[in-house]
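Contents: one structure, followed by commentary.
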Amino acid sequence: MTILPDTSAMSQSAKARDSDQGAEQIVFEYHERTKHHYHSFAASSGYMDWATQPDPFRRYAGAPLVQLPLPKPGRTMPYWQLFSADRDEPTALSIESVSLFFRYSLSLTAWKRFHDNTWSLRANPSSGNLHPTEGYALLPALMGIHDRAGLYHYAPKEHGLERRAELEPSVWTALTTEFPDDSFLVALSSIHWREAWKYGERAFRYCQHDVGHALGTLRIAAAALGWKLSLLDPAENLPQMLGLDRDSDYMGAEREISELLAFVQPLDSTDIPFRSLPDAVASQVAESRWHGGANVLSPANEVNWQVIDEVSAATSHPTPLNIEDFSGFPLEANLFELPIRSGESTAETVILGRRSAVSMDASTSISAATFYQMLARLMPTRNNRSVPWDAIPWRPRIHLGLFVHRVDDVAPGLYAFVRDIDKLEPLRQVMRRDFLWQRPPSCPSGLALYLLKVQDCRALAAAVSCGQDIAGDGVFSLGMIADYENSLSKYGAAFYRNLFWEAGLIGQVLYLEAEAAGIRATGIGCYFDDAVHEVFGISSCAWQSLYHFTVGGPVEDKRLITLPAYAESRKAHIRRSF
Ligand SMILES: Cc1cc2nc3c(=O)[nH]c(=O)nc-3n(C[C@H](O)[C@H](O)[C@H](O)COP(=O)(O)O)c2cc1C
């Protein structure tokens, strides 16, 4: 008997391969064309069109708003405890704990005023303070929120939850049989236009950085409550689950693109036996009762940046991610020299006090021990137990090229910080031949930090960061060098987003560490891509710098008036909906 090949299956897999290669090509081209160069910037409108400035606050008119009770300030949980496995009992899921979760992750933290201009800041930072990221939660029935499970959009200005959809109790019970008690789902989406309004084509990158920062604030907020948070493989139908495909709810309003879905559960509950939700969850939410229509964010016609739509589509079919092997990663004891269960700061003051420095003082220095502690916080530990790295299943794909300016007892110069020791050799191969690759003598054994070249690199760091002085006037600055081509060939084009998320997570940890050390940090999305590669001798496209960061002594802008995030009258206000 002759067995004929199943040509339909073959052509399907060939098609999938071809389409993924096509998608990767779109990503490579997008990345290349959105580089900034000394002689030219990525395409943007080149000016701020104030007539189309997008509203930073999305609302769904007609969706019932549950105002969350503002948590009383003054929580004493120490900052270091956020990162420690030996935490207090998990907090029970309630309107109060959901409120604290969003307060620490996506809420407003202050209003700023200068003359007639007033703007808000949030727990999560954002490129240009434009805040393209929207937050969602799929919550069970909870006293004070609703008597049935529902999908909620988080409204930061109100510190409230807009009920977009509600589920029949029997449907919810059937869907969540495998969920531990007190668990829920959280999701993020992006409104590209908010960033594209100012940054044009490069905006897709910034949206992804912002998602990474927000993933960090969510993971840290969960830690403050004794919860763990893990990224799930996003279902193809995540847009359906979030209602983002409901054309009639976005009449004339800017669309949101779904980004990620994460599972939140008490720290002491057993790990969930799934990496993705059954399709039925999204379809049942989609079929439930929906409320509200999205507001229009720009009063006049927006510009359509087609390459953003293209790269967004090319990165919207994620490959399921394996939980990678972290057994060779260092133990906490090999990473930290300082007693890690010490420090004056509380988690709350660091999380709510986090701010970007707009200018650095060009004089503050830090001790080597503080510097090493900051780097240690950027490392996953053995078997991936450290916060926030336990939220993502992949091994580090981002390594740091550092410009060290003012760290006591650490020579100024260029350094490499290798976050996965298996990448040490590939990085050595790809960087300049004459680099030293010397370990600083006092560096903890678990930190793969290498001096490449002794150099005063203050002017160089500022120059490659689009001439921004903050990169040279701080304590150190850095480029985040991604294992780019390999990662995309392993996990497909959609992993382009994940690389930026990892970069955003690194940035978020640096923001908090700087705040806890009494200094400040700033994300730097504007840098000259290939000029940075040139500094480190990287000529291959396989490795690409995806984000910059600076840490140092801030100079406050004393002209600004700071106002509280929420009016006094909001305090202790709880609206019961049943
Ligand atoms: C992805 C990203 C890129 C950024 N790029 C720059 C930059 O190039 N230069 C700069 O001065 N600030 C930059 N920032 C800082 C933002 O301007 C800052 O986060 C925003 O104004 C909100 O202020 P806050 O961080 O104090 O909340 C960036 C922030 C992010 C998250």
Side-chain angles (χ1 to χ4, degrees), residues 34-36 41-42 44 48 56 104-112 114 117-133 156 188 190 192 194-200 202-217 259 350-360 398 461-474 477-480 497 499-515 519-529 531-532 545-552 554-557 560 562-563 565:
T34 55
K35 286 181 171 174
H36 287 330
F41 283 82
S44 71
M48 309 276 230
Y104 282 179
S105 53
L106 303 177
S107 76
L108 305 191
T109 50
W111 286 90
K112 292 277 176 184
F114 182 62
N117 287 333
T118 308
W119 64 97
S120 57
L121 298 175
R122 306 190 193 186
N124 56 317
S126 168
S127 186
N129 202 24
L130 297 166
H131 288 285
T133 317
L188 297 175
S190 292
H192 294 149
R194 285 216 184 102
E195 287 287 322
W197 169 73
K198 180 170 177 189
Y199 296 112
R202 198 167 159 105
F204 181 76
R205 298 183 182 204
Y206 297 154
C207 289
Q208 301 309 318
H209 286 132
D210 282 12
V211 168
H213 279 283
L215 176 61
T217 61
E259 298 285 3
V350 173
I351 291 170
L352 298 181
R354 183 212 60 79
R355 299 274 187 283
S356 293
V358 284
S359 171
M360 300 279 192
I398 307 268
V464 296
S465 291
C466 294
Q468 300 185 78
D469 290 340
I470 44 172
D473 289 345
S477 65
L478 55 93
M480 300 193 195
R497 298 191 192 199
L499 292 175
F500 285 102
W501 301 349
E502 186 180 327
L505 275 171
I506 292 175
Q508 194 56 30
V509 173
L510 287 174
Y511 265 126
L512 298 181
E513 281 294 299
E515 201 73 36
I519 54 175
R520 289 236 146 110
T522 305
I524 299 185
C526 189
Y527 59 89
F528 297 121
D529 301 65
V532 181
S545 183
L546 294 191
Y547 194 16
H548 270 216
F549 230 79
T550 180
V551 174
V555 180
E556 296 297 333
D557 186 344
L560 305 188
T562 305
L563 303 162

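Each ligand, and each atom within it, is numbered from 1 in the order the structure gives.
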Inset, instruction - Report the nearest protein non-hydrogen atom to atom 3 (C) of ligand 1: residue, atom name, distance rounded to 0.1 Å. - result: Gly525 N, 3.5 Å
Legend entry - Between Arg202 and Ser44: side-chain donor-acceptor atoms closer than 3.5 Å: no
Legend entry - Interfacing atoms of ligand 1 (cut-off 4.0 Å, heavy-atom, Cys526): 8 (O)
Inset, instruction - Would you please say whether a donor-acceptor pair under 3.5 Å links the side chains of Asp210 and Thr133? - result: no
Legend entry - atom 10 (C) of ligand 1: nearest protein contact (heavy atom, Å): Gln468 OE1, 3.6 Å
Legend entry - Arg354, portion touching ligand 1 at heavy-atom distance under 4.0 Å: side chain
Inset, instruction - Output the list of atoms in ligand 1 that are nearer than 4.0 Å to some heavy atom of His213, sorted by atom number. - result: 31 (C)
Inset, instruction - Answer whether the closest heavy-atom distance between the side chains of Asp469 and Met360 falls below 4.5 Å. - result: no
Inset, instruction - Specify side chain, backbone, both or neither for Ile470, according to which of its non-hydrogen atoms lie closer than 4.0 Å to ligand 1. - result: side chain
Inset, instruction - Note the single closest protein heavy atom to atom 21 (O) of ligand 1, along with its residue, its atom name and the distance in Å. - result: Asn129 CB, 3.5 Å
Legend entry - Side-chain donor-acceptor contact under 3.5 Å, Lys112 with Thr562: yes
Inset, instruction - Using heavy-atom distances, let me know which of Tyr547, Phe549, Tyr206 sits nearest atom 30 (C) of ligand 1. - result: Tyr547
Inset, instruction - Assign the ring pair Phe204 / His192 to parallel, tilted or perpendicular, where the plane angle (0 to 90°) is split at 30° and 60°. - result: perpendicular
Legend entry - Electrostatic pair Arg520:Glu556 at N-O distance under 4.0 angstrom: yes
Inset, instruction - With heavy atoms under 4.0 Å as the rule, classify the contact between Asp210 and ligand 1 as side chain, backbone, both or neither. - result: side chain
Legend entry - Option nearest atom 14 (N) of ligand 1 (shortest heavy-atom distance, choices Gly523, Ser126, Cys207): Gly523
Inset, instruction - Note the single closest protein heavy atom to atom 26 (O) of ligand 1, along with its residue, its atom name and the distance in Å. - result: Ser356 N, 2.8 Å
Inset, instruction - Using a strict 4.0 Å cut-off to heavy atoms of His209, name the atoms of ligand 1 that fall inside it. - result: 1 (C)
Legend entry - Side chain proximity check, His36 to Tyr527, heavy atoms < 4.5 angstrom: no
Legend entry - Least distance between heavy atoms, Ser127 atom then Tyr199 atom: OG-CE1, 3.6 Å
Legend entry - Protein heavy atom at shortest distance from atom 23 (O) of ligand 1: Leu121 CD2, 3.6 Å
Legend entry - Ile524 neighbourhood, listing ligand 1 atoms whose heavy-atom distance to it stays under 4.0 Å: 5 (N), 6 (C), 7 (C), 8 (O)
Inset, instruction - Establish, from distance only, whether the side-chain atoms of Tyr511 and Thr522 form a donor-acceptor pair under 3.5 Å. - result: no
